[in-house]
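Structure first, commentary second.
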Amino acid sequence: QVQLVESGGGLVQAGGSLRLSCAASGHTFSNYAMGWFRQAPGKEREFVAAISAPGRNTYYANSVKGRFTISRDNAKNTVYLQMNSLKPEDTALYYCAAGRYSAYDRTYDYWGQGTQVTVSS
């Protein structure tokens with residue numbers, strides 16, 4: 001079992017930045033790929049970014065490529081999502097997840113509760 005707790009969300013103006021963190025406990029964090037997903041009101045959950053277990057490979061949704069950066073610190077059991085040049089359409093509840101490296105939520109076994117990001121125009 002892996003427990004995940006997200007933090008770092010908040011209200012920011014368009015063009016601003018936020019850094020989300022996801023702290024993991026339980027099974028060995030470094031065994032799992034990590035992903036970030038988001039869900040806006042009335043929309044389905046969508047993939048944002050993923051990072052492989054060792055941290056050598058990353059993958060991004062086209063909508064965030066060049067603006068968001070996923071990273072991890074296996075010594076701290078934490079994965080991060082640095083979000084720059086935020087847009088109102090980035091407003092959503094952001095979830096981190098642990099599982100197999102992919103853009104598909106069905107490959108992730110463990111999920112956090114989410115942290116809200118709101119971008120004002």
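If you read the sequence from its start, that first residue is 1, and numbering goes on from there.
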Donor-acceptor contact present, side-chain S52 to main-chain N57, <3.5 Å: yes
hydrophobic_cluster_shared for L86 and Y95, side chain cutoff 4.5 Å: no
Stepwise side chain to side chain contact (heavy atoms under 4.5 Å, CB included) test for Y80 and T69: CA-CA 8 Å; Y80 305 97; T69 303; over 6 Å; no
Distance-only, no hydrogens or angles: does the E6 side chain make a donor-acceptor pair with backbone N or O of T115 under 3.5 Å? no
Residues which pass side-chain contact (heavy atoms from CB on, under 4.5 Å) with N74, listed by chain and number, not counting sequence neighbours: F29, S30, R72
ILVMFWY clustering at 4.5 Å (side-chain atoms), partners of V5: none
Which heavy atom of L4 sits nearest to which heavy atom of A24, and what is that distance? CD2-CB, 3.6 Å
Using the test salt bridge (charged side-chain N to carboxylate O under 4.0 Å, His left out), find all partners of D109 that sit at least two apart in sequence or belong to another chain. none
Name all residues meeting the ring pair (Phe, Tyr, Trp, His ring centres under 6.0 Å) criterion together with F68; count only those two or more places apart in sequence or in a different chain, and write none if there are none. none
Distance from R38 atom CZ to E44 atom CD, nearest 0.5 Å? 14.0 Å
Could you list all the salt bridge (Lys or Arg N to Asp or Glu O under 4.0 Å) pairs where at least one residue sits in residues 15-34, not counting sequence neighbours? none
I need the L18 CG to N84 CG distance, nearest 0.5 Å. 9.5 Å
All pairs passing disulfide bond (SG atoms under 2.5 Å apart) where residues 51-88 contributes a residue, at least two apart: none
Single-linkage hydrophobic cluster, 4.5 Å side-chain cutoff, V2 and V79 together: yes
With sequence neighbours excluded, residues passing side-chain contact (heavy atoms from CB on, under 4.5 Å) with T107: R100, S102, Y104
So, using ring pair (Phe, Tyr, Trp, His ring centres under 6.0 Å) as the criterion, who are the partners of Y94 when residues are at least two apart? none
Report the residues that fulfil salt bridge (charged side-chain N to carboxylate O under 4.0 Å, His left out) with R67, sequence neighbours left out, ordered by chain and then residue number. D90
Which residue pairs pass the ring-ring contact (aromatic ring centres under 6.0 Å, His included) test with at least one member in residues 30-67, sequence neighbours excluded? Y32-Y110, F37-F47, F37-Y108, F37-W111, F47-Y59
Reported CG-to-CE distance for the pair L81 and M34, which is rounded to 0.5 angstrom: 11.5 Å
Side-chain heavy atoms nearer than 4.5 Å, only ILVMFWY residues, links allowed to pass through others: does that put I70 and V117 together? yes
Heavy-atom closest pair, residues S85 and S17: N-OG, 4.3 Å
Do you know which two heavy atoms are closest between D105 and R45, and how far apart they sit? OD2-NH2, 3.2 Å
Separation of L20 CG from S7 OG (nearest 0.5 Å): 8.0 Å
Apply side-chain contact (heavy atoms from CB on, under 4.5 Å) to Q116 and list each qualifying residue two or more places apart in sequence or on a separate chain. T91, L93, T118
Pair listing, disulfide bond (SG atoms under 2.5 Å apart) test, anchored in residues 5-108, at least two apart: C22-C96
